[in-house]
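One structure is given here, and the rest of the page talks about it.
Naming convention: chains lettered A, B, ... in sequence-line order (proteins, then strands); numbering from 1 in each chain. Bear in mind the structure is a predicted one, so any value in this text is a computation, not a measurement.
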Amino acid sequence: MSPLQKTAAVILCAIFLLMVLGTILVPAPHFHQFRDVPNASPSTAHPLGTDALGRDSLSRLLYGTRVSLLLAPAAALLSTMIAALLGSAAGFLGGRFERIVLAVTDLSLALPWLFLLLTVRAMLPLDVPPMVSVVIAFLMMGLLGWQASVRVVCTAARGIRDSDFLLLARSSGCKPARLVLCHVAPNLRSLFYAQFWISIPLFILTEANLSILGLGVMEPMASWGNLLRGFEDFSALGANPWRLVPLILLVIVVICFQLVLPSQEVTQ
Amino acid sequence: MIKDEKITKLPWNALRRLLFLLCLGIGGAFLSATLVRFAPGYGVQERELDPRWSAQSIEALRQKQMLQEGLASYYMHYLSALAHGDLGESDSLKRPVRELLRQRLPATGKSVVRGLGIAWLAAALLASPGLASRGWFYEASSTAFSSLLLSLPSAVVAMLAVQLRAPVFFAIGVVVFPRLHRYIRSLLVRSYNQPHVLAARARGLRSGAIFCRHVLPIAAPPLLALLGVSFTIAFGAAIPIEALCDSPGLGQLAWQAALNRDLPLIVNVTLIVSLVMFAANSLADLTSRAFAGSVQ
């Protein structure tokens with residue numbers, strides 16, 4: 001690990017710690033309204049001020065960080081598991097199954113991801129409770145974001161298909177399911193980790209885009225995307241620069257994830 | 001021998017892609033029809049709840065709906081209409097989807113092409129001189145700049161564009177640029193590290209000659225393939241950018257359709273975009289293969 005990667009990892013750990021301790025640090029719940037002080041400037045009571053509805057910005061930022069940083073890895077885990085299962089099976093079994101999986105993958109990769117997400121989101125009801133909207137947003141990303149990883153996993157699995165240890169296992173009477181689970185998957189573990197780490201910043205950014213467009217996490221729930229919706233009035237940012245904090249935090253986290261990622265040789 | 005084999009396989013590959021595109025169109029049409037048919041709220045006409053409509057008019061509406069009720073007849077009706085270029089009617093805008101697509105596609109196409117032009121130019125210009133001169137400061141600062149842009153959500157770039165009164169295509173270029181820069185840079189690093197390129201440098205060839213004669217022929221096929229992928233990225237970026245910049249394009253149309261749960265519109269827009277994207281990717285892939293074959 002290079003010094004830059006170590007620094008990025010430390011920053012990420014600090015932000016995760018802040019997220020966990022958020023409930024102790026925050027002055028009020030994220031949805032609590034201080035109606036007498038809307039759009040307030042930073043003060044000791046409200047270190048990052050309040051929003052237009054009088055909600056404490058620091059509370060919302062910490063809660064939003066928790067939502068984004070817990071659910072993006074959860075969605076990444078789901079998509080990596082789907083990619084691992086499909087990619088390993090396709091690469092190991094080969095033949096028609098591999099061709100079908102790769103054709104579906106190519107097709108999905110050719111389609112802009114946001115169009116697909118919007119189509120699926122349009123199928124689901126929009127007037128759902130905020131917590132359900134959070135689950136829908138991240139479940140959708142997890143279930144639809146596996147395509148790029150499948151291709152990489154499939155190529156790697158194909159590479160070890162004819163290896164000696166698999167030949168030995170096969171000649172010992174190992175069944176295909178056991179071969180995939182006990183022999184192919186453990187050898188691709190580093191690749192799965194890499195794909196998992198790659199997916200996290202992608203999902204964080206996608207959630208931000210969807211929430212800004214009003215199709216992701218719904219109010220009054222906080223997420224980084226929701227907090228960035230306040231940027232529509234950029235002219236107000238000059239007078240209230242502390243409102244840039246959610247964007248700065250998002251950029252720092254995404255850059256740190258990019259830096260912590262394993263070397264390109266592993267990910268390609 | 002290998003070159004001949006690759007070149008003779010090209011028409012076959014093109015034919016296969018064309019067949020796949022046709023199957024994709026038919027499969028996509030079936031899927032679209034299914035999604036619209038089985039979505040909650042299908043068949044319920046808002047007008048039926050309007051007290052101003054007479055009982056006779058409501059009955060006529062229901063009769064019209066009955067014509068499409070059976071599943072088989074629904075599919076037949078949908079596919080025959082599609083064969084005649086009829087993509088249905090938008091629920092929210094009350095206008096034919098075909099007409100909406102004809103209006104919006106050129107606007108998005110123009111923005112995407114211009115944005116890609118800017119992004120490719122900037123990415124190529126920033127990636128190549130740094131590697132040719134091997135200046136660490138230039139390389140580090142350009143990588144940091146592209147990483148920063150890569151960390152910004154497209155919607156935030158769109159909001160910045162609105163504030164700075166920048167055109168839509170510029171915002172698309174800003175979103176696509178870091179992705180291209182990163183890939184082009186790693187591709188050029190790999191090409192510059194090839195033994196024959198190192199030998200050419202050791203013999204004192206000028207950097208321009210090395211780039212044109214030795215690096216570009218290796219890097220060109222993947223770059224051509226990247227051209228197809230960049231179209232997909234740019235179309236994806238067009239949704240938040242057009243929606244927030246209030247640009248009347250396909251991205252804004254898809255966003256409005258999703259917000260209004262206008263399934264006939266969003267499903268058909270997605271189908272058309274996927275067909276266009278697949279055709280663009282196939283074309284880029286075939287050109288890249290043809291070029292790789294001719295270089296070998």
Side-chain angles (χ1 to χ4, degrees), chain A residues 4 103 106-127 148 201-202 204-216 224-225 228-238 244 246-248 250-259 264-265 268, chain B residues 20 24 27-28 32 35 38-41 144 147-148 150-156 158-160 162-164 182 186 228-229 231-240 243-244 250-251 254-255 257-263 265-267 269-271 273-282 285:
Chain A
L4 202 61
D106 282 348
L107 186 61
S108 317
L109 282 174
L111 180 69
W113 198 39
L114 263 180
F115 271 94
L116 197 65
L117 283 175
L118 286 196
T119 309
V120 175
R121 189 68 190 88
M123 307 272 160
L124 305 165
L126 286 173
D127 55 339
L202 179 74
I204 290 175
L205 291 175
T206 308
E207 184 276 323
N209 278 328
L210 280 178
S211 296
I212 291 172
L213 291 176
L215 292 162
W224 280 345
L228 295 180
R229 285 184 89 170
F231 283 17
E232 278 175 30
D233 185 15
F234 257 101
S235 51
L237 286 175
L244 277 171
L247 180 63
I248 294 169
L250 182 135
V251 169
I252 289 173
V253 167
V254 173
I255 288 180
C256 286
F257 270 115
Q258 284 171 8
L259 288 173
Q264 278 191 321
E265 286 75 25
Q268 278 175 355
Chain B
F20 189 72
L24 171 68
S32 309
L35 289 174
F38 290 102
S147 292
L148 179 70
L150 202 62
S151 312
L152 288 176
S154 324
V156 171
M159 289 192 272
L160 271 169
V162 172
Q163 187 61 27
L164 299 172
R182 183 175 264 209
S186 73
V229 178
F231 260 100
T232 309
I233 301 170
F235 259 90
I239 296 179
L244 294 166
L250 218 53
W255 174 63
L259 276 182
N260 295 319
R261 290 195 78 240
D262 188 347
L263 287 181
L265 183 57
I266 182 86
V267 161
V269 167
T270 308
L271 177 66
V273 168
S274 62
L275 286 174
V276 171
M277 287 300 102
F278 189 77
N281 275 292
S282 298
D285 195 33

>> I need the minimum non-hydrogen distance between B/Phe235 and A/Phe115, along with the two atoms involved.
In response: O-CE1, 3.5 Å
> Considering all heavy atoms of both residues, which atom of B/Ala258 and which atom of A/Leu118 are nearest to each other, and what is their separation?
Replying inline: CB-O, 3.9 Å
>> I need the residue from A/Leu247, A/Leu210, A/Val251, A/Asn209 with the largest number of non-hydrogen atom pairs under 4.5 Å to chain B.
In response: A/Asn209
>> I'd like to know which of A/Ile204, A/Thr206, A/Leu213 tops the heavy-atom pair count under 4.5 Å against chain B.
In response: A/Leu213
>> Taking every non-hydrogen pair under 4.5 Å, which of B/Leu150, B/Asp262, B/Val229 racks up the most with chain A?
In response: B/Leu150
> How far does CD1 of A/Ile255 sit from OG of B/Ser151, to the nearest 0.5 angstrom?
Replying inline: 4.0 Å
> Could you give the distance from OG1 (B/Thr270) to CG (A/Leu114), rounded to the nearest 0.5 Å?
Replying inline: 11.0 Å
>> Is A/Ile252 close to chain B through its backbone or its side chain, or both, or neither, when contacts mean heavy atoms under 4.5 Å?
In response: neither
> Relative to chain A, which of B/Gly236, B/Pro153, B/Ser274, B/Ala254 shows the most heavy atom pairs under 4.5 Å?
Replying inline: B/Pro153
> In terms of heavy-atom proximity below 4.5 Å to chain A, should B/Leu160 be classed as side chain, backbone, both, or neither?
Replying inline: both
>> Please classify the contact between B/Ala243 and chain A as side chain, backbone, both or neither, with a heavy-atom cut-off of under 4.5 Å.
In response: side chain
>> To the nearest 0.5 Å, what is the distance between CG on B/Leu244 and CD1 on A/Ile212?
In response: 7.0 Å
